[in-house]
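Letters A, B, ... are given to chains in the order of the sequence lines, protein chains preceding strands, and every chain is numbered from 1.
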Amino acid sequence: MVELMEELKKIEEKWNKRWKELSLQKFKGESDKKKFYLLEMFAYPSGDLHMGHLRNYVIGDVLHRFLLMNGYDVLHPVGWDAFGLPAEGAAIKRGISPDKWTYNNIGISSSTLKKMGLLYDWDREVITCREDYYKWTQWIFLKMYENGLVYRKKSYVNWCPSCQTVLANEQVINNKCWRCSSEITKKELEQWYFKITSYAQKLLDGLEDLKDWPENIKTMQKNWIGRSEGLLIDFQVKGTDLKIKVFTTRPDTIYGVTFLAIAPEHDLIKILKFDDDKKEMILKYIEDSIKKSEIERSSTEKEKSGVWSGLYCINPVNGREVKLFICDYVLSGYGTGAVMGVPAHDQRDFEFAQKNGIEIIQVIKPKDYEWDFSKGAYVEDGITLNSEQFSNMESSLMKEKITDFIEEKGYGKRSVTYRLRDWLISRQRYWGAPIPMIHCERCGIVPVPEKDLPVRLPDSSEIDFTPKGKSPLESHKSFMNVKCPICGNDALRDPDTMDTFVDSSWYQLRYADPKNDEKIFEKELVDKFLPVDMYIGGAEHANGHLIYFRFITKVLKDLGYLSFDEPALALFNQGMIMDKNGNVMSKSAGNAVPVGPFVDRYGTDVARGTELFIGPAGKDALWSEDGVIGISRFLERLKNFAFKYNKNIVKDYTPQNDIEKMIFVKLNKTIKQVGDDIRNFSHNTALASMMELLNLLYKEEKNLSFEFLNFIIYKYTQIISPFIPHLAEEIYEGFNEKDSIFLTTWPEYDKNFLMEDNVTIVVQIDGKIRDRLVVQRDTDKEEIFKSVILNETVKKYLKDKEIEKYVYVPNRLINLILKK
RNA sequence: GCGAAAGUGGCGGAAUUGGCAGACGCGCUGGACUUAGGAUCCAGUAGGUAAUCCUGUGGGGGUUCAACUCCCCCCUUUCGCACCA
């Protein structure tokens, strides 16, 4: 086995070089070929790549080679998501500058990829931390700003005390930081936002067209966007001309409103006049609520708390006066941050009302029984009551009628609310794209003129990385100090950098024109290559990257820079690689198996084979070095066999006898299956079927002619080549062929030889297998029946019994049913 | 709590979509060649059993000549969301 490894490594170097000479990795621009843009999610370079990353790349490479052999012109670029927090961590912990650390990691990782001979067009490599890239990230910010899609807002934001920066909603997982798992706290800060909410509907609608995206990802995005149809209703605050807008999806319960509740962060809090004797208590409640962590506040277990404001509101439909509460169970970021309290028909309102002695008025009852309120609120549909002229009807009908009524009277109007929040993109970090804005005392906040891009990051040697809760750039005088582009007076730069998900939301576009320094890209080129035909990456990005990536594409389309609005036509989610305890492999978890040393030891083809045979590409898999043994044995067997027969080429061969015919059928079946399996990302079964064929060849070798085996091995080498390309090329070369096996055409299977002449018919009696029968394919039903009842084994069971009927499945099975 | 997916030998996993359960591989057992074996080759390997017999795809019911596959109930695991009004 050690010799095999050594031999493979020599072969690998040779072919890596050869492929480069042949420009196999390049998009050719040949007009007779169909283009295919194949893309794997690019990686954050945190050191060497590990087996989890590799899976992604290998899956892509198999497809690439398969596509080449199927006549496609393939664009397959690679790059690095190179801005990010770990680089700063390295600076703090080990005193290495973020850029050095990053470029060093990129060097290690890309040399691994190159060593593996993966077909990437390295001339298109994109690195997000380079000036020639982040200049255009900043440019996108400016374009969005010009078009009203960027704004600044002061509000309570997610703050990671460990990373010392704010986070977007998508980066908070179970109230913990996505990077370091620290508990998130709230902080009131003025930050930059991308107005992704104004694209909520478009992002939702676009999902309909993404036929080749996995259903679960689309569902996750749908739920994340969370469209909800309802009504905005104004409740007047008694004794003022202030109105409180509430959002509800249940206007059919409006006669059951017995209080109103607003969030502690609600804007009206600052305007409302509270009684002096209550004021202190109210303000303390608000302050405490805001300080509480999200976990404390959002726990469903927790009792619903709130404080009466001393004010009353008026229900517009019946003039009823109800108390206005401030409640921390009302979310400030959803809807209007105010709700109408209907304890009879909403569980949360019910709990709050019970605790605070608020009246419960039932306005909907179940159709055929009485609701017992000791069980809680009744939240289903039913028949209305206590609702004036809307009483005694189906609540769904009432909903229609009351909605029309409220709109007619001008009390409110139909409205759609989304769960999706705007994208907070400011980060108090150094290693990111600086936000291209200038703060001027006279002119306000003004954008950096386009001609001044990029706003360069200062050299990291001049930066103090000690966490201070604000951007490290803020204390860098020569970065911060700038002249206002409008009035020319002293002004300050924005000290924050952009969320790195902004960088990765448009890289797929830059690959089309990676070296353009005049503009972000040539529209013509982008239109030629995009959308991406197959995007491969992990499902964990469903509600982060994959939404941002669609959002930015839609924005650039609307601004006229693109003529399509979805970045990728097809998406494939490869499963994650876990360690043997079932933990996701990652650098930070310390369980990452690095690719470089692994490949040095076993060779690329073994590494590829191991990754591909581990299980279906779409499912998670446990990493185990045991897989190496099976694949190595297989390659050894293949090599030993193939090198005996790879001499000349027998182009066409008609099977000469039954054994040859049987093997020829097996070959055809295998060709079909491997092709189907590659398209379905089911590489494990493709390899299994090729192992089966090889096992069969070994078994029958002595019964087969040289010509036949020569013919078989040629095709075999072709279909296995996407999986183990180096060894395949070496075998292929033996056939006195030049160039590369990847320039040959994928073999077609012969439809006439997909089925054996003889079939085994399973003989069942009362559904139990009693015997098997080998007959000619398509033997007549009656004839089979006749021979079955004469069969000795069957006779034994038929003794003293009568056959009631029998079922025959052509070429498969016969089932005799006996009379009871 | 809601939504999605999944549960098959000692292990990773197959099963043409209702028709031979366990392909292929690991591991294990035996044998051959060997000074040697973490090499190679051959045979065996779901469980129970004397058996060509019985049992078996998370559990329980059902449909069917026939169920890993379809229907109903339950259990478990993973993932996503989680006071969204």
Side-chain angles (χ1 to χ4, degrees), chain A residues 1-4 173-174 214-217 219-224 226-228 230 246-250 253 261 297-302 304 327-331 333-342 345-349 351-352 379 417-421 539-540 542-543 576 580 582 613-616 619-622 624-634 636-637 640 669 672-673 676 682 684-692 694-695 698-699 754 760-772 793 796 804-818:
Chain A
M1 212 146 95
V2 176
E3 297 97 81
L4 171 77
I173 296 153
N174 287 329
E215 231 23 76
N216 63 328
I217 299 287
T219 307
M220 276 156 87
Q221 292 205 352
K222 251 178 231 168
N223 294 341
W224 186 262
R227 181 190 156 98
S228 156
V246 304
F247 174 76
T248 183
T249 55
R250 296 295 304 273
T253 64
R297 259 183 81 172
S298 71
S299 162
T300 9
E301 314 292 294
K302 190 205 66 151
K304 304 271 172 285
C327 297
D328 68 1
Y329 77 88
V330 179
L331 304 174
Y334 183 77
T336 59
V339 299
M340 55 185 216
V342 187
H345 305 292
D346 182 285
Q347 188 56 29
R348 297 154 295 183
D349 298 346
E351 285 166 28
F352 181 73
V379 298
T417 291
Y418 300 89
R419 208 197 72 110
L420 184 73
R421 310 289 160 85
E540 67 274 19
N543 289 338
M576 285 181 292
K580 57 179 182 296
F613 196 61
I614 200 166
K619 280 173 72 181
D620 293 349
L622 300 183
S624 154
E625 210 120 319
D626 295 346
V628 173
I629 295 168
I631 290 297
S632 305
R633 281 183 195 156
F634 171 56
E636 177 91 42
R637 275 160 68 77
N640 292 341
K669 279 180 161 176
K672 180 175 187 311
Q673 179 166 358
D676 291 348
S682 179
N684 56 329
T685 49
L687 280 165
S689 69
M690 290 185 282
M691 288 172 178
E692 271 183 67
L694 186 66
N695 290 347
Y698 261 92
K699 201 170 153 195
L754 280 179
T760 306
I761 304 286
V762 172
V763 180
Q764 293 186 342
I765 297 172
D766 282 333
K768 295 197 171 176
I769 296 153
R770 295 307 180 192
D771 207 353
R772 293 181 174 83
T793 326
K796 216 168 67 193
E804 187 173 287
K805 62 167 180 171
Y806 71 94
V807 177
Y808 177 65
V809 182
N811 299 320
R812 252 175 233 267
L813 164 147
I814 182 162
N815 189 7
L816 309 180
I817 297 105
L818 303 183

In whole angstrom, what separates [X]'s [atom1] from [N]'s [atom2]?
| X | N | atom1 | atom2 | result |
| --- | --- | --- | --- | --- |
| A:D766 | B:U64 | CG | P | 15 Å |
| A:F634 | B:U40 | CZ | P | 14 Å |
| A:I629 | B:C11 | CD1 | P | 18 Å |
| A:F613 | B:G13 | CZ | P | 11 Å |
| A:K699 | B:C41 | NZ | P | 15 Å |
| A:R770 | B:A66 | CZ | C1' | 14 Å |
| A:K304 | B:C83 | NZ | P | 9 Å |
| A:I761 | B:C65 | CD1 | C1' | 16 Å |

In whole Å, what separates the [atom1] atom of [N] from that of [M]?
| N | M | atom1 | value |
| --- | --- | --- | --- |
| B:G7 | B:C53 | C1' | 30 Å |
| B:A21 | B:U57 | C1' | 7 Å |
| B:U69 | B:G58 | P | 8 Å |
| B:G10 | B:C28 | C1' | 9 Å |
| B:C73 | B:G3 | P | 13 Å |
| B:G22 | B:G47 | P | 13 Å |
| B:G9 | B:A15 | C1' | 15 Å |
| B:C68 | B:G62 | P | 15 Å |

Measure the spacing between [atom1] of [X] and [atom2] of [Y] and express it to the nearest 0.5 Å.
| X | Y | atom1 | atom2 | result |
| --- | --- | --- | --- | --- |
| A:L331 | A:R421 | CG | CZ | 6.5 Å |
| A:I761 | A:D771 | CD1 | CG | 12.0 Å |
| A:L687 | A:I631 | CG | CD1 | 5.5 Å |
| A:Y334 | A:R419 | OH | CZ | 9.0 Å |
| A:K669 | A:L754 | NZ | CG | 8.0 Å |
| A:Q221 | A:N216 | CD | CG | 10.5 Å |

Return the pairing partner of [N] with a 3.5 Å limit on both distances, Watson-Crick or G-U wobble; otherwise return none.
| N | result |
| --- | --- |
| B:U40 | B:A32 |
| B:C2 | B:G80 |
| B:U69 | none |
| B:G7 | B:C75 |
| B:G27 | B:U45 |

Between A:G630 and A:K768, whichever has its closest RNA chain B nucleotide further toward 5' is A:G630

[options]: which one has an atom nearest the side-chain heavy atoms of [X]?
| X | options | answer |
| --- | --- | --- |
| A:I817 | B:A4, B:G27, B:C65 | B:C65 |
| A:N543 | B:G80, B:A85, B:G27 | B:G80 |
| A:V762 | B:A82, B:C20, B:C54 | B:C20 |
| A:R633 | B:C24, B:A39, B:G80 | B:A39 |
| A:K805 | B:G25, B:C65, B:A85 | B:C65 |
| A:R637 | B:C26, B:C41, B:C84 | B:C41 |

Worksheet item: Looking across every strand, which nucleic acid part, if any, lies under 4.0 Å from A:D620 by heavy atom: base, sugar-phosphate, or nothing?
Response: sugar-phosphate

Item to complete: Give one of base, sugar-phosphate or nothing for A:R421, where a contact means two heavy atoms less than 4.0 Å apart.
Response: base

Notebook entry, point to check: Side chain of A:Y329, backbone of A:F352: donor and acceptor closer than 3.5 Å?
Noted result: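 It does not hold such a pair.
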
Is it true that a side-chain atom of A:R250 and a backbone atom of A:V379 form a donor plus acceptor pair closer than 3.5 Å? yes

| said: Apply side-chain contact (heavy atoms from CB on, under 4.5 Å) to residues A:L694 and A:R637 and explain how you reach the verdict. | reply: CA-CA 8 Å; A:L694 186 66; A:R637 275 160 68 77; 3.9 Å; yes

Check your understanding: Is B:G30 in the syn or the anti form, by the rule that syn lies within 90° of 0?
Key ->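 Anti for B:G30; the angle lies over 90° from 0.
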
I want to verify the glycosidic state of B:U17; is it syn or anti under the 90° rule?
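With its glycosidic angle within 90° of zero, B:U17 counts as syn.
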
Is any side-chain N or O of [X] closer than 4.0 Å to OP1 or OP2 of [N]?
| X | N | value |
| --- | --- | --- |
| A:N695 | B:G25 | yes |
| A:Y806 | B:C65 | no |
| A:S228 | B:A85 | yes |

Look at the side chain of A:R348 and the base of B:A85, then say whether one donor and one acceptor between them are separated by less than 3.5 Å.
yes

Check your understanding: side-chain contact (heavy atoms from CB on, under 4.5 Å) between A:I817 and A:D766: does it pass, once the steps are laid out?
Key -> CA-CA 5 Å; A:I817 297 105; A:D766 282 333; 3.8 Å; yes

Quick tally for nucleotides 14-19 of chain B: nucleotides whose base has a protein heavy atom under 4.0 Å get B, sugar-phosphate-only ones S, the rest -, giving S-B--B

